[in-house]
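One structure is given below, encoded as structure tokens.
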Number of protein chains: 2
Amino acid sequence: MAEKVTIADVARHANVSRQTVSNVLNSPEVVKEETRQRVLAAVEALGYRVNAAARQMRTGRSRLLAVRIETTQDGINVFDRFLHGLTESAERSGYRVLLYTAADDHAEIATIEQLLGEFEPDGFVLTSTHHGDARATWLAGRGLPFVSFGRPWGASEVAHPWVDVDGAAGTEAATRHLLGLGHRRIGFVGWETGSGVGDDRRSGWSRTLAAAGLDADLAAETDGSSAHGQAAARELVDRGATALVCVSDAVALGALQVTPDVVGFDDTPVAAAIGLTSLSQPLAEAAARCVELLADRLAGRPTATHALLTPSLVIRKEPRS
Amino acid sequence: MAEKVTIADVARHANVSRQTVSNVLNSPEVVKEETRQRVLAAVEALGYRVNAAARQMRTGRSRLLAVRIETTQDGINVFDRFLHGLTESAERSGYRVLLYTAADDHAEIATIEQLLGEFEPDGFVLTSTHHGDARATWLAGRGLPFVSFGRPWGASEVAHPWVDVDGAAGTEAATRHLLGLGHRRIGFVGWETGSGVGDDRRSGWSRTLAAAGLDADLAAETDGSSAHGQAAARELVDRGATALVCVSDAVALGALQVTPDVVGFDDTPVAAAIGLTSLSQPLAEAAARCVELLADRLAGRPTATHALLTPSLVIRKEPRS
DNA sequence: TATAGAAATTTGATCGATCAAACGGTCAGA
DNA sequence: TCTGACCGTTTGATCGATCAAATTTCTATA
């Protein structure tokens, strides 16, 4: 039942030593072609697979990437698609994804510390980075390999590899789209000032209006809920807005109760379901880039410092018109 | 930077042997209380953590549970909440969750085989079980510990521990709810016959109507899309239906375009967003039960064979009425 | 043909934890 | 006083892979 094939079994079967088998698998260039073939045949015949624990014990490398799985807050999030992409890309690079949970940044650091002692992940992927992120500082402080999905917001931050989606480029596209529909008074329903992501998304809207010679005066702040989004939209429409760019689909959902020409952000299933035009983040690509940056770093290859991806506008019509 | 504390360091610090440290951690009852305290103090002082690879090498156990991360099909699914619950519960039992992807059952088996050779997960969690599931047969065939989220549909299946949500009980509650609102002609928008989950959900609807002395003749089949849901709903309404119980939120979303009294299934973010009454699966509890069954089995404790949980009806009013 | 040097392969040690067995000390009973 | 049982602890071996160094085999040149 539990047939465990070791490197010694393969060696015996191929009439070579353990080390030669190891070399065939890890440094094929030092092995004579004929021997290589013979060993590979034995590997195949016996169904041999390297034992990760034994390898890790000797090399110190685990081929594991650790990622925190986030709680689905209001249910409208997008993390699962990123995680799927991450797992897929990691597999392609010979890594596996190990999950952990944490209530907050502080707890996450403690968990990372624990993981380092126990499973020794080779790298970490941080998500939902924010201003003054303690996790990035902590990881960078001890030279641990990691990438963040989300750029390091704020000036005093440590430099580290990151991947992010260009929110400003997204809202610029959204604003252009609404301008193209003939709107001249376009509002922005955002989050409270100070959130990096929110400010970034707002900036794309304002700069586009400015470039078109229009005032970017119709902006409102919300706590991110649909209810607040609706209230904010009402206010902006009362002040003359005829269309709205929103910082998220959740907020857009509320805004949609007020006026039809609304663009959301994240292209969540909700947007698709209700026919909301929204900005779609290239999550699979973002995940792939994260793995790429991390894998390059871990392999000692020269790595890019970051990647900024552009979201795409998914134009929909409300189904109930 | 990379300070690695081994069991030998702790032993030296506490003036005992390696084995005593190991005993303190694994079989505290054989160690004298005084020694135990001293060792624990040393563990604390040095920040020692067992190295999972070394332990696994000797014991053969990895404290890893492997789960396949599913692709988000139409985006309206619920897997991420289950996964989060699983990770959390696993941590509580001293396990970590390892992710993998697979295109289909066949590929999944191959991946499991690979994982067994490399990371030697202690157990597996299967999701989306279906009629004649090759994965369950394969795992059971070689005596590997696993639980499925989803019961073994079909009679010829091997017996194995499982956790599932009682779909029939859910649709029964939904049907009762609609009866309570005064409806007498209640239809069911389902999937094609043959899917275990779909048939189960349909049965709750039909048996409740039968119990109320009503005909359960208004049933339609769809491919699960909103578009088909809408068409099917139209047909049922034309045939006299005044309310509809749906097999999923996706289908319900389509049905909602036809008539307001609709109940969905899964309580996805979409349902919450559009004010759709829906059945909520206790996913966190389901995940906890999965871990419980698996952990008991792995610890050699007597285990229950399965758990069937009841979904709860979340009643909402359409926001746009 | 001999031999330096490169190429290919093998040997022994090691990573950190746990198992199995041995060990020393204490105590009850003969 | 001696024997055997018991408790708490220690010692040596082991899991499977890889590193470092040693060894053998091959190749090229004098």
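In the text below, chain A, chain B and the rest are named by the order of the sequence lines, each starting its count at 1.
- Two end axes, each from the C1' atoms of five base pairs, can be drawn for the helix from C:dT1-D:dA30 to C:dA30-D:dT1; they diverge by 60°, to 10 degrees.
- A donor-acceptor contact shorter than 3.5 Å links the side chain of A:Thr59 to the backbone of A:Arg55.
- For the pair B:Ser62 (side chain) and B:Gln56 (backbone), a donor-acceptor distance under 3.5 Å is absent.
- Listed in residue order, the members of residues 16-31 of chain B having a heavy atom less than 4.0 Å from DNA chain C are B:Arg18, B:Gln19, B:Ser22, B:Asn26.
- Only A:Thr35, listed by number, bring a heavy atom of residues 34-53 of chain A to less than 4.0 angstrom from any atom of DNA chain C.
- A salt bridge is defined here as a Lys NZ or Arg NE, NH1 or NH2 lying under 4.0 Å from an Asp or Glu carboxylate O, and B:Arg49 with A:Glu118 fails to meet this definition.
- Put simply, chain A comes within 4.0 Å of DNA chain D, heavy atom to any atom, from D:dG16 to D:dA20, going 5' to 3'.
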Sub-3.5 Å pairs of nitrogen or oxygen atoms, protein against nucleotides 23-26 of chain C:
none

Please lay out, stage by stage, how B:His131 and B:Trp153 fare under the test ring pair (Phe, Tyr, Trp, His ring centres under 6.0 Å).
CA-CA 5 Å; B:His131 195 86; B:Trp153 303 103; 9.1 Å; no
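- Residues B:Asp105 and B:Arg135 are paired through a salt bridge, judged by an N-O separation under 4.0 Å between the basic side chain and the carboxylate.
- For B:Glu88, there are no salt bridge (charged side-chain N to carboxylate O under 4.0 Å, His left out) partners, not counting sequence neighbours.
- Residues B:Tyr100 and B:Arg68 bring no donor and acceptor atom of their side chains to less than 3.5 Å of each other.
- At least one donor-acceptor pair under 3.5 Å links the side chain of B:Arg151 to the backbone N or O of B:Val165.
- In this pair, B:His160 and B:Phe146 present their aromatic rings tilted. The plane angle is within the 30 to 60° band.
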